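Just so it is clear, the structure is predicted and the values come from calculations on it, not from any experiment. Only heavy atoms go into these numbers, but all of them, side chains included; no hydrogens, no water, no symmetry mates. Letters go in sequence order (proteins before strands), and every chain restarts at 1.
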Number of protein chains: 2
Amino acid sequence: MSLRHALLGLVAYHPASGYDLMAIFRTSLAHVWPATQSQVYGELARLTDAELLAVTAQGPRGRKEFTITEAGRSELVRWVTDASVNGPHRNELLLHVFFLGVVDAGEARQYLARQAELATDRLELLRRLESSRSWDNEALGSYGRLALEHGLRLAAMERDWAEWAASQIGSAPTSSNGSSTTGPSGR
Amino acid sequence: MSLRHALLGLVAYHPASGYDLMAIFRTSLAHVWPATQSQVYGELARLTDAELLAVTAQGPRGRKEFTITEAGRSELVRWVTDASVNGPHRNELLLHVFFLGVVDAGEARQYLARQAELATDRLELLRRLESSRSWDNEALGSYGRLALEHGLRLAAMERDWAEWAASQIGSAPTSSNGSSTTGPSGR
DNA sequence: CATCACATGTAAAAGGTTACATGATTCT
DNA sequence: AGAATCATGTAACCTTTTACATGTGATG
């Protein structure tokens, strides 16, 4: 139930409306914790019901500004310092890799080379974001910088790994059903 | 809808029952694509309905052995070579990091130090798995090795990043101090 | 006065988790 | 005989995605 905590965290930094929060989910949090408008408005209502948030101002177009309550803040603090919180971690890239045996070595190598390119692009994008520094005068600034560095290191790691992985694949072709051959060079 | 493809991939390597497949989800795929028994049996039924899998043998306790069909195999090949497939990528660790500002610097540093320890433990676990080689005579062997290497590099990266991040805290309370000593390798 | 940005909501469907339920076979 | 393992399924609930639906206020 981390969307809840993402909302508490954002509102704790600064009171905001659902619309404001959506803008943050579309930008800063897009690659960390994606959420849809539908989800955000629903969860804000539930958080208000639970008295972890409160509506503290109304604006022009039915705008509601949410502020964190004391109960909300203590729940946030409890969650943020709990290192054991760690949901399951799905990786679609690795799922592909596991089953690369169904295609021949050439296609597998090509797939990995493409992943190396994509990681390079991500790295480039983050480097430009880092230079622009638009992120660091925002509310999430000082800690957002740490998250950005994580992204940079991850992209570099994936680029290097994908290049290495491509190089590991021998030219020994795999049969079309992959069940009998053990594949390329045994270690 | 990747559970579908995970099942197609596993059955393509070797015909299996739901029970057999669950054993793989609990071990090899646990950190790549978690799935519950409930999900697996349900999806196997749907895949059989869609004629991407077929029941090719019945065993002792109502056991049904599934085999991939031609249609199933071509769907799997299409998916596996499609580098554009990439679902949203949630990272609860980074979500914590974004909101570390709600606690004081000492607690934030402690949190990151704990994450460095946890990453070290994961690395150790994977190294032991690598030595044991139990994985490489299995169906997923040759490509599973590439996935394992990804895990090793990821764990090492997260350990280094968390140590670096912990060291960054406290040196500049509000403004950022831009330069990283141990940034990712450039090119 | 038209268009864009602001602003909030609901409904249906798909995907995922937890808990319950049942029974057969093998091993000690 | 009792326990562990093999084996499949269903029900309730929660989370996430996609699509629909509506209206206000500011700007050119």
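- Listed nucleotides D/dA7, D/dT15, D/dT18 differ in distance to A/M1; the shortest reach to its side chain belongs to D/dT15.
- Atoms CD1 (A/I24) and P (C/dC6) sit 13 Å apart, rounded to a whole Å.
- For A/S38 and D/dT18, a side-chain-to-base donor-acceptor distance below 3.5 Å is present, hydrogens and geometry of angles not being considered.
- Taking atom CG of B/L21 as the reference point, atom C1' of D/dA7 lies 12 Å away to the nearest angstrom.
- The shortest distance between the side-chain N/O atoms of A/Y41 and the OP1/OP2 oxygens of C/dG9 is not below 4.0 Å.
- The end-to-end axis angle of the helix from C/dC1-D/dG28 to C/dT28-D/dA1, rounded to 10 degrees and based on five pairs per end, is 20°.
- Looking only at side-chain heavy atoms (C-beta outward), B/V103 and B/Q110 stay at 4.5 Å or farther from each other.
- Here the options are B/E117, B/E158, B/H31, the test is side-chain hydrogen bond (donor to acceptor under 3.5 Å, both in side chains), and the partner is B/R122; only B/E158 passes.
- Taking the charged nitrogens against the carboxylate oxygens, B/E130 and B/R127 have no contact shorter than 4.0 Å, which rules out a salt bridge.
- Rounded to an integer number of Å, the gap from A/D20 CG to C/dC6 C1' is 10 Å.
- Counting only heavy atoms from C-beta on, B/L3 has its side chain closest to C/dG16 among D/dT17, C/dT8, C/dG16.
- Protein atom OH of B/Y19 is 13 Å distant from nucleotide atom P of C/dT26, rounded to whole Å.
- Here D/dT8 is the nucleotide among D/dT16, C/dT17, D/dT8 with the atom lying nearest to any side-chain atom of B/R63.
- The distance from the CH2 atom of B/W164 to the CG atom of B/L112 is 10.0 Å, given to the nearest 0.5 Å.
- A salt bridge is defined here as a Lys NZ or Arg NE, NH1 or NH2 lying under 4.0 Å from an Asp or Glu carboxylate O, and B/E92 with B/R90 fails to meet this definition.
- Two residues, A/A35 and A/R61, neighbour DNA chain D, and the one matched to the more 5' nucleotide by heavy-atom proximity is A/A35.
- Spacing between atom NE2 of A/H89 and atom P of C/dT17 amounts to 14 Å, rounded to whole angstrom units.
- Between B/R145 and B/E149, none of the side-chain N atoms (NZ, or NE/NH1/NH2) sits under 4.0 Å from a carboxylate O, so this pair counts as no salt bridge.
- B/E43 has its CD atom 7 Å from the P atom of C/dG15, to the nearest Å.
- Using cut-offs of 30° and 60° for the angle between ring planes, the B/H5 and B/W79 rings count as parallel.
- Here C/dA7 presents its C1' atom at 12 Å from CZ of A/R26, a figure rounded to the nearest Å.
- Side-chain to base pairing of A/S17 with C/dT8: no donor and acceptor N or O lie closer than 3.5 Å to each other.
- One donor-acceptor pair, N or O on each side, does fall under 3.5 Å between the base of C/dT8 and the side chain of A/Q37.
- Within the 4.0 angstrom heavy-atom criterion, no nucleotide atom of any strand lies near B/R4.
- In this structure, A/Y13 and B/F99 have tilted ring planes: the angle between them lies in the 30° to 60° band.
- Between A/Q39 and D/dT17 there is a side-chain polar atom (N or O) within less than 4.0 angstrom of OP1 or OP2.
- One can place CZ of B/R46 at 13 Å from C1' of D/dT10, the figure rounded to the nearest angstrom.
- Nucleic acid contact for B/M22: none, since no nucleic acid atom lies under 4.0 Å from a heavy atom of the residue.
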